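Below you'll find the structure, written out as structure tokens, and then a few comments.
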Number of protein chains: 2
Amino acid sequence: MSNYETNNLSAMFKALSNPHRLALFHRLMSCCAPGTRCGLEETSRVCVGALGDGLEIAPSTLSHHLKELHRAGLIQMERRGKFVECWLEPSVLAELSAFFKSDSNLRSNDHEQLLPTQNRQD
Amino acid sequence: MSNYETNNLSAMFKALSNPHRLALFHRLMSCCAPGTRCGLEETSRVCVGALGDGLEIAPSTLSHHLKELHRAGLIQMERRGKFVECWLEPSVLAELSAFFKSDSNLRSNDHEQLLPTQNRQD
DNA sequence: TTCATAATTCGACATATTTCGAATAATAGA
DNA sequence: TCTATTATTCGAAATATGTCGAATTATGAA
């Protein structure tokens with residue numbers, strides 16, 4: 001994993017490291033049309049105020065958190081009239097899911113000899 | 001997603017939000033036996049010092065970061081003689097990968113009416 | 001016992017994050 | 001234009017995090 005990839009990914013995880021932001025992100029994940037794969041082109045959108053509903057945070061805090069999610073590349077935002085709509089690109093979910101799929105992270109011999117010899121045969 | 005789950009997950013993401021910690025975690029992911037699914041029972045272990053190799057952080061910082069990863073439930077640690085070995089439980093990878101699989105996050109009607117009516121039909 | 005190596009704990013400091021309220025901007029409608 | 005609604009920006013305060021060096025612990029070997 002290059003430094004660039006590491007920083008990009010860690011920025012995403014940082015955005016998700018706050019419980020409020022994770023909840024916001026998860027709402028966006030959950031609101032896709034039931035019974036279909038989330039997104040494709042049917043990504044549903046939620047306006048800012050509705051996203052924060054029930055979270056008990058000030059509007060300014062909500063705005064800040066959504067900006068962080070957006071800066072990390074996790075969500076999209078677009079003003080439509082009085083409202084600002086948020087949505088989630090399915091490719092982002094795919095990228096993150098793939099990262100934790102161990103198969104995609106196998107390398108051949110990068111880390112030979114990482115254990116001292118006396119500990120390798122038991 | 002319950003509050004408990006949210007906090008648990010966000011703690012994991014917080015642990016991965018630091019580039020150094022993400023690099024450490026990724027090394028543990030990458031060092032599995034080539035050609036096999038990571039883990040099952042062949043999880044390979046790496047001792048603390050070797051994990052930090054090339055990362056240019058002080059031993060105390062390395063120790064601190066590994067403790068954070070452990071506290072978040074992301075890695076396992078066990079002393080064997082002079083060394084402390086670290087490894088990764090495959091189930092953790094599975095859990096995280098599954099979280100981003102949008103299918104597993106579909107709910108039926110939790111978020112009806114999140115967009116104001118005038119914006120729902122375009 | 002004494003020494004060297006591996007790793008952790010502790011205390012300190014600089015920096016970053018979370019959160020809020022007040023002020024501001026953007027928009028739709030009367 | 002004036003007003004109400006939606007959302008953002010700004011500044012400040014409290015708290016958390018990342019990092020290091022020094023001291024300490026744990027262990028194996030001479």
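Every chain is numbered from 1 and lettered A, B, ... according to where its sequence line falls, protein lines coming before strand lines. The structure displayed is predicted, hence computed values, not measured ones.
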May I ask you to list the residues of residues 5-14 of chain A, by number, that have any heavy atom positioned under 4.0 Å from an atom of DNA chain D?
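Per residue number, the list is empty: none.
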A:R21 side chain to A:L16 main-chain N or O, any donor-acceptor pair under 3.5 Å?
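No: the side chain of A:R21 does not pair with the backbone of A:L16.
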Can you tell me how far [atom2] of [N] sits from [atom1] of [X], to the nearest Å?
{"X": "B:H20", "N": "D:dT17", "atom1": "NE2", "atom2": "P", "result": "17 Å"}
{"X": "B:H64", "N": "C:dG11", "atom1": "NE2", "atom2": "P", "result": "15 Å"}
{"X": "B:L66", "N": "C:dT8", "atom1": "CG", "atom2": "C1'", "result": "11 Å"}
{"X": "A:R21", "N": "C:dT17", "atom1": "CZ", "atom2": "P", "result": "9 Å"}
{"X": "B:N18", "N": "C:dT15", "atom1": "CG", "atom2": "P", "result": "17 Å"}
{"X": "B:L51", "N": "C:dT8", "atom1": "CG", "atom2": "C1'", "result": "16 Å"}
{"X": "A:L69", "N": "C:dT18", "atom1": "CG", "atom2": "C1'", "result": "14 Å"}
{"X": "A:L16", "N": "C:dT17", "atom1": "CG", "atom2": "P", "result": "14 Å"}

Polar atom pairs (N or O), protein with nucleotides 22-30 of chain D, under 3.5 Å:
none

For B:R71 and for B:I57, find the nucleotide of DNA chain D with the closest heavy atom, then tell me which residue's nucleotide is more 5'.
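Looking at the nearest nucleotide for each, B:R71 comes out on the 5' side.
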Assuming nearest nucleotide by heavy-atom distance, tell me which of A:L62 and B:E56 is located more 5' along DNA chain D.
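The residue mapped nearer the 5' terminus is A:L62.
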Would you say the side chains of A:S17 and B:S10 form a donor-acceptor pair under 3.5 Å?
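A:S17 vs B:S10: no donor-acceptor pair found between side chains.
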Using the ring centroid of each side chain, check whether B:F100 and A:F13 are separated by less than 6.0 Å.
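Distance test on ring centres: not under 6.0 Å, no.
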Just to verify, what does B:R71 make a side chain to side chain contact (heavy atoms under 4.5 Å, CB included) with, not counting sequence neighbours?
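With sequence neighbours excluded, B:R71 shows a side chain to side chain contact (heavy atoms under 4.5 Å, CB included) to B:K67, B:E68, given in chain and number order.
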